[in-house]
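Report on one structure; see the data block that follows.
Below, read A as the first sequence line, B as the second, and so on, with proteins coming before strands; counting in each chain starts at 1.
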Amino acid sequence: MNRITARRRHPLARYAVLLLALGLLGFSYTLVAPTGERADAAIASGRADDVAEGKKLFQQSCASCHGLSAEGIEGRGPTLVGVGAAAVDFQVSSGRMPLATLTAQAPRKKPAPWVNEDTIRQLGAYVQSLGGGPTVPAAEQVDPAKGNKAKGGELFRANCIQCHNFVGAGGALTQGKYAPELTEATPTQIYEAMITGPQAMPVFNDSIITPEQKRDMIAYVIGLQHEPNPGGAGLGRIGPVTEGLVLWVVGISLLVLAAIWITAKKRQAQ
Amino acid sequence: MSLTSVPKPISGPSSYLDDRIGAGNFLKRNLRKVFPDHWSFLLGEIALYSFIVLLLTGTFLTFFFKPSMEHVIYDGSYDALKGVGMSAAYASTLEISFDVRGGLLMRQMHHWAALLFIAGMMVHMLRVFFTGAYRKPRELNWIIGVIMLSLALFEGLTGYSLPDDLLSGAGLRITEGVAISLPLVGTWITFFLFGGEYPGEDIIARFYSLHILLIPGVLLALISAHMILMWVQKHTQMPGKGRTNNNVVGAPFYPAFMAKAGAYFMFTFGVIALLGTFAQINPIWLFGPYTPADISAGSQPDYYMGFLEGSLRLMPAWEINVLGFTLPLSVIIPALVPLGIVMTGLALYPFIEQWVTGDRREHHVADRPRNNPHRTAIGMAGITFYGLLWLLGANDEISWTFHVSLNWTTYVGRVLVFVGPVITYIVTYRICLGLQRSDAAVIGHGVESGVIKRLPHGEYIEVHVPPAEDIEAHMRGKEPIPVVSGADTEPNGIPPKGLRGPIGKLKAKMSKAYGGEKIPLDDGHGHGPAHDDAGEHAAVGATDDKSITH
Amino acid sequence: MTDNMKDIEQPDERVPKRVVGTPSPSASTALLGREENTGTVDVPGVDLQDEKTAKKGERIAALLFTVTFLSGIAFIVSYVAFQVGDVESAKLSNMTLGGSLTLALLSLASGLVVWVRMVMPKYKLVQERHAMASDGETRAYVGETFLQGAAESGITKRPLLRRTLLAAAAPLGLAPLVLLRDLGPSYSDFPEKLRHTVWGEKTKEGKHRKLVVEGTGAPIRAADFNSPGGILSVVPEGYEHDLNALAKATLILIKFRPEELKSGTNLNWTHEGIVAYSKICTHVGCPAALYEQTTHHILCPCHQSTFDAADGAKVVFGPAARPLPQLPIAVDEEGYLVATGDFNVPVGPSFWERGDAEAEVRENGSQS
């Protein structure tokens, strides 16, 4: 006890306490929150009805924007009939849904605390039950190790880079919208984005770009994520804009300093 | 002084040379040539040394690069492109990057040196502009400089197109789109440049010979001329103690300046190597081979072309069709007008200034920028104009990074590009006058010494002491800007011959505004030209006056 | 301009003489040991360093030069030691080669600066400038000589000589220009080339040309391209890798819900809500292909021209002056999408001879 008393005035102490409190809060929330409880119960019972559980989840967390039976609410959220489980998995696992605030576009963020594999599966099952739609791909279907990077690269350049950039660094669209960077996207999310066309993104269905071709593209994108920059710092890999900035900020500044050093005079007291 | 005993290994070859080319006379005159010292006088050397690095690294690259658009299937060591169809040029660039030791380093150093080459020219040119070092007798060297800058832009364009990657291909496509939009000759120019329809199979080879032979050859000749003229005319110097229009004060070429120049070469080379090692540039393997069917978000040209990109982006959609011919103003205007304003403006400025001031004298002492406020303000307005276009050439990256609407960056840019330079002009002009006033205060009243003194009647004052000799000399280097004689004729008087008629009147007006002494150095007591804040200055001056102690 | 001349030291002719030579051969450390020799002579404007500073400078510079020496060796060692052949090893090679080179160059540079600043004297030499212009006498002499030479050569007096020489030069001067002709293609009806794309050609079998997916080359069954909000980059069958053809013929294919299409789109040229537009921007020719399925806007990433794909790809923002041309498409007997004809206006950037092709099409009525 004495040690704690002695250290409680340590500059870091307040952060430690804050973190502890937040952690406790989060932990108790997951215990108390009905979603977590039920999900746990469902799994425990082993005969969970995913659709029913998903419906409850939906009504708690999604219905305020998408309507009580996912029919959509004008000006708030679109209908989810027919978007399929893949859309649910993409939006919820990437933290885009539930939306925090209404903006031009839902940003990628840390998923809500109730989100886990089971809750996503349940929500997905519910939405799938409303009107079908694309389903979540199997792990093997999106395994980057099974794809051909080079072929995927060709398709990626033909269909994706105009918005997401050569290296998946993202890019601006009109009126504040943007194509997000792909640096954190998981193979499953990439696949789901292509088949569901989230937000402004167009759809690339499986009958035109086959699942194998999609796996090639995934292999390329995941390869990019892990590829080191052989030439030094990547400078965001976005090309001339940052290169120009580095040249002026680093290159010219260093040389001006060198020039000053070379020509500097010590003022002589005369 | 036992100077007769020159060591044999030196005296041998040197007398051999002297016997044959009379090198002694030349060296006698030039070994001790004096070079003035100022950090800003080294900026041009950045460009010179970058050029040398470009020649060295570029030669290395030519040993491995294949300037051919022949279609090949890649089978090198970069996995993500294996089996992909591409041009031989692109494949050989990949080979340089991944299969030649030091190839990546040389490629990156070459590209960084190219960026530095142009940046060096730009900062050097700005230094020359703001100090008025382009004035007689150096106008010719200034023109050579402007030509070199234009050539360097073209050299850069032909260079970064060579790897035939998807990014540079976008630049090439835009170049083609601009060229074909030119009235009357557009289609001819493009079909001749590309040997037929875009992209054809010739452009890389053609750009290659332009890039490695023709343009560098011309540049080399112009650089030599530039250096010879500099040598013959001697360098300008900043105003200062003992420095006049008729002398040069500084260090001798041999040994001091030579060593300094050598050191600066090594610095330039070293900074290029530093960037080439630690900052990845133009990673073409990530961009993929060129095809006119694809493009990436955020495709940008190298920074020196950014202002053209920006002006193309800002332009509203104007197009005129007359008598079955098309004039795509939304391409021609942004492609030609800003470039024309900047380059022509630069080239003509020395002559326009001469015309306005009527100043035909030789100038060897550089102006301090504040002492020619209109010139400085015009220069800053130009920089703002150029800089805004440059910035807006990256408006998609700005929009993406700061999450603002892409469309609004354009709307704001359209206004800013006109308003910005005007504001900058006014602000710069006021700042220059303010700095002149502070100089006048230093000359007139001395500098604060930090010593507080109590006067017999109880008032506390800070003791002012005269400025150090060299600082005073630096400030006293100021010269009134000449005005065309007769420009200040009375309104009803008869102006001299050259100032009659509308152009003459304009000249007289401009001359009066541009020239003259706005804030006289030795007259900081408020009865100078009637500027609005002169009264306030006089008040401050009154207190200062009592306190000055000698 | 200051006319404060009193404190300018004027070195005379002694200066160059003093330096042409080097210190006496007896001093083996000649370059760094200037002070020990004859440098004590007091030349105005040459302010020698005191021995202590010089000695310190010598040591620092020597240390830096040694670093350069070692880095140079490190460079050679890295070249031999680190092979390349993939991304990882290229990174390592670049880092070691570049790092040693950087260190070598920067320490050499620093060593030189230390040498100049700490070992060499401080200089304040003054040299006279002379006006650039030659004196009047010289100018007169040159002018006279020039005229005299011209007269001697006879070029002023003998017009025949002069005129034939000028005439002789003219064709020779034009010769190189003539040689440039073959830079361009043999035909000269360039604008005609720009008016057509390969979509106008039928296949060898005399059929309409199929639309195929860029990157895979697979033909597209209309029934498969069935997700509203879908988009595809499309190239002509048989020209998948012909860059010249692609520069004009690349398409974007977009699937709409039929009710989304507006009057600007030629519905006769669509197939069940599938519309094909030229991908080549009408501004300066970048492939315009950023498609937002929510707004139906096509954005060109180069200069941000924005087109409304639901409404005939008319321009809604940016510098492009004309809509993206629409390609007439249909399905063949197997259900694949084909082009039933060429674009009715030239695709891509405007050019002088283009004219208002859109207006002509409107006047000539509906030939669709």
Which heavy atom of [X] sits nearest a heavy atom of [Y], and at what distance?
X	Y	result
C:Met95	A:Gly232	CE-CA, 4.1 Å
C:Val87	A:Glu227	CG1-CG, 4.1 Å
C:Ile231	A:Phe204	O-CE2, 3.3 Å

Part of [X] lying under 4.5 Å from any heavy atom of chain C:
X	result
A:Ala179	neither
A:Gln175	neither
A:Ile161	neither
A:Lys177	side chain

Which atoms of [X] approach chain A - backbone, side chain, both or neither, heavy atom under 4.5 Å:
X	result
C:Val116	neither
C:Ser227	both
C:Pro287	neither
C:Ala218	neither
C:Thr295	side chain

Among [options], which has the most heavy-atom pairs under 4.5 Å with chain A?
options	answer
C:Pro301, C:Ala109, C:Pro228, C:Ser110	C:Ser110
C:Leu112, C:Leu232, C:Val114	C:Leu232
C:Ser233, C:Ala223, C:Cys286, C:Gly215	C:Ser233
C:Thr306, C:Leu299, C:Ile252	C:Leu299
C:Asn94, C:Val113, C:Asn226	C:Val113

Check the surroundings of atom [atom1] in [X]: do more than 12 heavy atoms from other residues, nucleotides or ligands lie under 6.0 Å from it?
X	atom1	result
C:Glu259	CD	yes
A:Lys151	NZ	no
C:Lys56	NZ	no

Value rounded to 0.5 Å, distance of [atom1] in [X] from [atom2] in [Y]:
X	Y	atom1	atom2	answer
C:Thr216	A:Ile209	OG1	CD1	6.5 Å
C:His297	A:Thr174	NE2	OG1	6.5 Å
A:Cys163	C:Glu292	SG	CD	8.0 Å

Answer yes or no: is there a donor N or O on one side and an acceptor on the other, between the side chain of [X] and the main chain of [Y], under 3.5 Å?
X	Y	answer
C:Lys91	A:Pro228	no
C:Gln293	A:Val203	no
A:Gln162	C:Leu290	no
C:Arg117	A:Trp261	yes
A:Asn205	C:Gly230	no

